[in-house]
Structure formats: C-alpha cells, structure tokens
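Below, read A as the first sequence line, B as the second, and so on, with proteins coming before strands; counting in each chain starts at 1. When reading the values below, keep in mind they use all heavy atoms of this one structure, side chains included, and skip hydrogens, waters and symmetry mates.
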Protein chains: 2
Amino acid sequence: MKAGTEQTGDNTDHQGRRRLTPAEREKQIVDGAIRFFAEVGFEGQTRELAKRLGITQPLLYRYFPSKDSLIERVYLEVFVKRWQPGWDVLIVDRSRSLHDRLTQFYREYTRAIFNYEWVRIFMFAGLKGVNINERYLGIVREKLLRPVCTELREMAGLPSPEVVPLTEEELELAWDLHGGMYYMGIRQWIYHLSVPDDLDGHIDRVVGTFLRGAPETLREHFPSLAPNAPSSSGAN
Amino acid sequence: MKAGTEQTGDNTDHQGRRRLTPAEREKQIVDGAIRFFAEVGFEGQTRELAKRLGITQPLLYRYFPSKDSLIERVYLEVFVKRWQPGWDVLIVDRSRSLHDRLTQFYREYTRAIFNYEWVRIFMFAGLKGVNINERYLGIVREKLLRPVCTELREMAGLPSPEVVPLTEEELELAWDLHGGMYYMGIRQWIYHLSVPDDLDGHIDRVVGTFLRGAPETLREHFPSLAPNAPSSSGAN
DNA sequence: TCCATAGTTAATCAAACGATAAATAACTTG
DNA sequence: CAAGTTATTTATCGTTTGATTAACTATGGA
C-alpha cells in the first residue's frame, strides 16, 4: 500500500481548485452548512462540513469567524422571509369560501416549508432552545390561527372577536388543525415515514373535515352566544 | 485565591460517598441519564452526566461498558411498555360511542407520554435516525389508526375494511387526528409554548370536531359506496 | 504579463471527551 | 474487630474538535 506519490487528499480533483468570488463561496458554504446541519445537527464538525464542501477547514474560518456565527447565518437563511405576505390577505379574503382559502393556504404553505432542511433545522433549533421557534410560531399564531378563529366565528354565526375576545380554547382548536398538517412534515423528514402522495387531496379532506365540525364545536363552547341558543344544555 | 487545602471537587460532600447497591446505583444512573439526554441530546457528555448524578465519571463505566450501551438502555426504559394493552380493546368497544372511546383514549394516552422525557427523547431518536421511531409508530398505526378508520367506516355507513380495504387516504385522515394531538406535546416540550390547561376539555372538542366532519368526508371519498349514494357528484 | 488574493498544506494549541487502570474507602462476613 | 470484597475515586491516556498560524500555490482580472 505504499504509494510512491503521496495520495493527495482524494476529493474533488486537485486541479479543480476553482477560485470563486467571495460572494459565491460564501453562498456555497452557507448552502452546504444548511444541508449538513439539517442532517447531523449543530454538533456536526467543521472538518466534516469542509470535506463535504470540497474545501479545507481553515477556509471556513476565512468566511465565518466562528462556528456559532455560521450557525447563526444558517438560522437567518432558513427562517427569514418564510412567511409570504400574500398569505395574510388570503386568509381574510371573504370573497372566497373559508374552505377555499385554507386549502390554498396549506397547499402553498406545505410547499414552502415541507422540506428536509426546514423541518429538521427548525426541530434542532427547538430542542436546542433557541428563541427562533417561539418567534416564528408567534407569527403563525397572529397571522394565521387568530384570523382563522375569527373566520370560524363568522362561519358559526357567533360574535366577532371585537365583541367577544377569542378564548384560548378556540385558538387551541386552530392549533390542532395546524398541528395535524405540520405533523406530516415531521413524519416525513424526521420519522422517515411515508406521507400522502396526493397532498392536495389530503389537504382538501383535512380542511373539509375540520370546517364541517368546528362551527358546531364552537357553538357548543359558547352556548349562551349561539344564534337561536338553547337556553341551557341542548341534547345532541 | 490560593487556598492552602486544594479544593476537593466541590459537589456533594466528599464524605457523602455513599455506597449504594448495584441495583440502586444502576437505576439512579439510568433515571439521571434519561433526564439528562432528554435535555441536551445524546451528545451530552458523560462527565456532565456524572456531575449531575453526584458521582464520578468512571463509575458510569462500571455499570455500562460504553456510552452507547447506556443510551440503548435509555431507549429501552423510555419506550418499552408504553402502549397499554387495554387501549387495544378500548378503541373497538362498540358498546360505547366512538366519541367516548377516543376521548378516553387520548386522555390516557396524553397522560402517559406527554412528558419532557418521552417527547424529547423520541424526537432526538428520530433526528438521529434510530429505528425505534418507525417501530413505535408502526404500533400506533396498527393498533390505533387502523381500528379508528374501521370505526369511522361503520359510523359513516360504509362497507367494513374486510369488504373494501382501507385506503391510504383514510389512514392519512386518522394520522391527522393523531398528529394534531401529538403536536401539543411538541409545542409544550420542544417549542416551549403553552398548551391547553383544560386538556380534557380540549381533547373532547378536538375529537368532537373530527367526528362531526370525518364521516361526511369519507362518504365524499367513496361516492359510489355511500349509502343512498347520489349517482354522480352531489352539490353541497 | 503581473500581482492581488482565493485557496491549500501542514502543523499545532488548548479544551473537550470517551475510556481505562490503579488506588482508596465503605460495607459485609466470620 | 480483622479480613475480604467491591463500590467509588483519582489520575491519566489517546483522540477528537474548534480554532489559529505560517508558508506556499495558482487563479483570473487589469
């Protein structure tokens, strides 16, 4: 096994030492880091990352002063600008049925974030206790769940939240809808289970099931506020 | 700062070197390891674990030949015997309403597994790619979701799975119910968000919403099999 | 053709980390 | 209480890992 010429590294042709502009190289490192950390978690080693990128470890430190700063950059890249402004208006557009709106929203939403990198990095961040999750889920609550609850009030013929503030119980019902959807991503990218191949049809059925049941649940939850409310408890 | 007597360790009185029976010590180590790994993940260091246990690091290696074997033991302890046999029969007990059964099941189920250790270790295992998750979720699918789908068929007045096999789409609907529930655990123990304080009431509402909507969804999904089926598409 | 600089090679440091061997002290037994 | 067993500690080894440095190489724009 003793070769006359010492084996040079081995990866990526030695001559292929392409010289990228700093901007290109930085992007390449960040993209590679996203994929790498999504796979192995943030304890992944800089040497291994460099190897996968086909560059040397010291070069990483030419672009990022520390591993932590690189991780910070990964967070930024993955989570920023992931909530599309159009979604805000979509949810509250009463010219369309709530079923239509929610179906379209979740089709776009799942397409936007149901991918290996997003789901896993978000979970790693949560387990690590980074504040990013709470911030992001705060957006989900305010821009999605709260509006959905408002629409459900309307659908159920109940007073608007401006008259009777939303309760935690209502928000929890909306969280349940959202959680059922997101759990698909977890099943797929963390538990390695199969998920619906007809995603659009599935979303349609889930939203349909929810919207068929939720208004009645809400009326039960606000017996005194329901339209033509039975004064006390009404049997099924 | 130079003390005459070298400071001895610092934790748990040096003289407190209690000598436990091997069984006691082993249990103490396993319990501590569960809590420790649930918090920091399996990359947590044996020195830190020992410190928290108030013992020295080499002692760990008297009870477990390697860190991996300790982790293996943690898996065993956390996941074994977590599916209670009574649940199997509860789900299919047609002397009670499906609403009752599912409500009781999820009350017991969440009480059994919605805790810091279970939720986090299960997630860490999933991210690490251990086979344990697939095995456990296989049980969930066969012992919970499939039976639930069978009961939904009955409820919707559709043929039993023995006549018309369950479709993936139906199972996905059941996964959605389950996922919505489990997402509560994730929100609480991984994302550090608040969850319903009235858990029983919440479960009741979620199950109610689901059962109110699912039968109709199923009938839509099997238009030709539905009782008094409208031959083609029926408008809402 | 020149030369600024992207990138490599190689070596190394200090701290962290899994694991081991030898020494020590707590408990048991006769 | 003496003797033996073994739970636990002390000290340490070998490796990994984030981070740094110095010297060298070669790409590609002016």
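Of the candidates dT9(C), dT12(D), dT8(D), the closest approach to any side-chain atom of T56(B) belongs to dT8(D). Taking only side-chain atoms of P58(B), from C-beta outward, the nucleotide of dT8(D), dT20(D), dA21(C) with the closest atom is dA21(C).
Summarising the geometry, the separation between CD on E48(A) and P on dG18(D) is reported as 11 Å, rounded to the nearest angstrom. Going from atom CD1 of I29(A) over to atom C1' of dG7(C) covers 11 Å, rounded to whole Å. Counting to the nearest Å, the C1' atom of dG7(C) and the CD atom of E26(A) are 16 Å from each other. The separation between L49(B) atom CG and dA19(C) atom P is 13 Å, rounded to whole Å. We find that NZ of K51(A) is positioned 14 Å from P of dG18(D), with the value rounded to whole Å. The CG-P distance, from L20(A) to dA4(C), rounds to 22 Å in whole Å. The nearest whole Å value for the distance from the CZ atom in R47(A) to the P atom in dA19(D) is 11 Å. In this structure, L59(B) places its CG atom 15 Å from P of dA19(C), rounding to the nearest Å.
Contact between the side-chain N/O atoms of Y63(B) and the OP1/OP2 oxygens of dT8(D) is found at a separation under 4.0 Å. Of the side-chain N and O atoms in T46(B), one or more sit less than 4.0 angstrom from OP1 or OP2 of dG18(C). Within the structure, every side-chain polar atom (N or O) of Y61(B) is placed at least 4.0 Å from both OP1 and OP2 of dT8(D). For dT8(D), one of the phosphate oxygens OP1 or OP2 lies less than 4.0 angstrom from a side-chain nitrogen or oxygen of R25(B).
Across F79(A), Y75(A), W189(A), a single residue satisfies ring pair (Phe, Tyr, Trp, His ring centres under 6.0 Å) together with W118(A), and that is F79(A). Partner of Y106(A) under the side chain to side chain contact (heavy atoms under 4.5 Å, CB included) criterion, out of L199(A), D204(A), L177(A): L177(A) alone.
For residues 33-46 of chain B, the pairs satisfying salt bridge (charged side-chain N to carboxylate O under 4.0 Å, His left out) are R35(B)-E117(B), E39(B)-R52(B), with sequence neighbours left out. Here salt bridge (charged side-chain N to carboxylate O under 4.0 Å, His left out) pairs that include residues 101-115 of chain B, with residues two or more places apart or in two chains, are R101(B)-E151(B), R107(B)-D200(B), R111(B)-D200(B).
Residues W83(B) and L144(B) have side chains in contact (heavy-atom distance under 4.5 Å, counting atoms from C-beta outward).
For the pair Q57(A) and E43(B), nearest-nucleotide mapping onto DNA chain C gives the more 5' position to Q57(A).
The salt bridge (Lys or Arg N to Asp or Glu O under 4.0 Å) check on D31(A) picks up K27(A), with sequence neighbours excluded.
Salt-bridge formation is not detected for the pair R205(B)/E172(A): no Lys NZ or Arg NE/NH1/NH2 atom is positioned less than 4.0 Å from an Asp or Glu carboxylate oxygen.
Remark: side-chain polar atoms of K143(A) are not paired, donor with acceptor, to backbone N or O of P85(A) under 3.5 angstrom. With hydrogens and angles ignored, the 3.5 Å screen pairs a side-chain donor or acceptor of R187(B) with a backbone N or O of S194(B).
At a non-hydrogen distance threshold of 4.0 Å, P65(A), S66(A), K67(A) from residues 64-71 of chain A come into contact with DNA chain D.
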Measure all distances between protein nitrogen or oxygen atoms and nitrogen or oxygen atoms of nucleotides 3-6 of chain D, and list the pairs falling under 3.5 Å.
unit_1, atom_1, unit_2, atom_2, d
dT6(D), O2, R19(B), NH1, 3.1
dT6(D), O2, R19(B), NH2, 3.1

Show every donor-acceptor pair shorter than 3.5 Å between a side-chain atom in residues 126-137 of chain B and any protein atom, with sequence neighbours excluded, or say none if there are none.
unit_1, atom_1, unit_2, atom_2, d
N133(B), OD1, G126(B), N, 3.3
N133(B), ND2, F122(B), O, 2.9
Y136(B), OH, Y109(B), OH, 3.1

